[in-house]
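Worksheet: one structure, shown below.
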2 protein chains.
Amino acid sequence: MPSRMIVSRELADFLKMIAHPDRLRMIEELRLGEKDVSSIAAALSLPATRVSQHLAQLRAHRLVDERRAGRNHFYRLSHPHLAAWIVDALQFIDVRNRLAEGDHIDSARALWTAQSRNTSH
Amino acid sequence: MPSRMIVSRELADFLKMIAHPDRLRMIEELRLGEKDVSSIAAALSLPATRVSQHLAQLRAHRLVDERRAGRNHFYRLSHPHLAAWIVDALQFIDVRNRLAEGDHIDSARALWTAQSRNTSH
DNA sequence: TGCAAACCTGCGAAGATATGCAGATAATGG
DNA sequence: CCATTATCTGCATATCTTCGCAGGTTTGCA
């Protein structure tokens with residue numbers, strides 16, 4: 001059995017699952033703790049249906065855990081460290097070329113990890 | 001300008017670029033240094049055309065650098081640390097469920113980072 | 001009960017990816 | 001020059017993703 005191929009496929013599936021702008025922002029949104037669907041949708045200015053669909057995918061891949069309270073569904077990261085690991089990826093991206101001059105990786109990192117209320121989202 | 005959306009899009013593009021079993025194995029193959037197209041193709045048992053196409057994509061996203069020597073094209077990781085960062089992702093995957101019983105993340109990591117000659121690829 | 005709020009799921013069209021094949025380039029060795 | 005080796009590029013097809021919309025489920029509350 002080509003175990004190595006299995007690992008690379010699993011890895012690719014995992015990466016595909018998080019490789020979407022909305023889902024990345026959602027993961028970042030859950031960095032500090034659980035949130036319900038409406039809160040996430042409002043924070044990111046996305047239609048709730050879309051957020052729900054993304055969450056269903058993340059749930060299917062066990063990247064988030066669900067907790068129901070009344071009619072609200074609260075989601076949290078299954079691996080709290082995931083958000084930090086994603087931020088580390090910024091070092092591999094030439095963000096400099098695409099943001100305003102003077103910006104660099106550190107500012108991108110700061111921007112990304114800043115609280116929602118402080119950012120120009 | 002929604003800088004945060006720009007960052008999330010860049011991040012998603014980067015993740016999509018590496019989210020492919022072949023490309024992951026290629027990155028891993030380049031972990032220890034440069035290799036030419038044929039060597040990579042042979043090591044991974046992939047058609048050279050496909051390897052070349054993948055490399056063209058990675059090149060376009062500046063994830064690999066090219067060096068030509070004669071009729072061989074040698075590629076290396078633009079960010080040598082990339083391979084290690086990818087290996088870190090194994091902690092987020094339930095490899096246990098999909099490999100033979102008794103395997104766990106550490107063995108998956110060992111498998112993944114093992115030299116080609118030591119692995120059942 | 002009945003209605004509304006908060007989510008979820010199914011479906012289909014549009015768009016993005018993957019991949020083999022044919023043909024094009026570039027360097028090497030007669 | 002010509003053939004050969006190593007690699008690249010263009011193209012068509014098959015497959016996967018995304019995303020809105022319509023309709024369904026569960027819970028809270030009057």
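Below, read A as the first sequence line, B as the second, and so on, with proteins coming before strands; counting in each chain starts at 1. Side chains included, hydrogens not; waters and symmetry mates left out as well; all remaining heavy atoms used.
Atom CD1 of residue A:I93 and atom CE of residue B:M17 lie 11.5 Å apart, to the nearest 0.5 angstrom.
In this structure, the CE atom of B:M17 is 14 Å from the P atom of C:dA16, given to the nearest Å. The CG atom of B:L55 sits 11 Å away from the P atom of D:dT9 (whole-angstrom rounding). Counting to the nearest Å, the C1' atom of C:dC8 and the CZ atom of A:F74 are 17 Å from each other. At whole-Å resolution of the value, CG in A:L46 and P in C:dA6 are 17 Å apart.
Contacts of A:D36 classified as salt bridge (charged side-chain N to carboxylate O under 4.0 Å, His left out), with partners at least two apart in sequence or in another chain: none. Every side-chain hydrogen bond (donor to acceptor under 3.5 Å, both in side chains) that B:E66 has, sequence neighbours left out, goes to B:R68, B:H73, B:Y75.
Position along DNA chain C of the nearest nucleotide to B:D13 versus A:D36 favours A:D36 as the more 5'-ward residue.
Classification of the A:W85-A:F14 ring pair by plane angle, with boundaries at 30° and 60°, yields tilted. Between A:H20 and A:H54, the angle of the ring planes lies from 30° to 60°, which puts this pair in the tilted group.
Regarding contacts with the backbone of D:dA6, every side-chain N or O of B:H73 stays at 4.0 angstrom or more from both OP1 and OP2.
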Output, in order, the C-alpha distance, side-chain angles, deciding distance and verdict of salt bridge (Lys or Arg N to Asp or Glu O under 4.0 Å) for B:R25 and B:E28. CA-CA 5 Å; B:R25 293 203 296 153; B:E28 196 53 37; over 6 Å; no
A correct 5'-to-3' footprint of nucleotides 18-30 of chain D, with B, S and - meaning base, sugar-phosphate only and no protein heavy atom under 4.0 Å, is SBBB-----BS--
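Residue B:Y75 is in sugar-phosphate contact alone, with no base atom involved, counting any heavy-atom pair closer than 4.0 Å across all strands shown.
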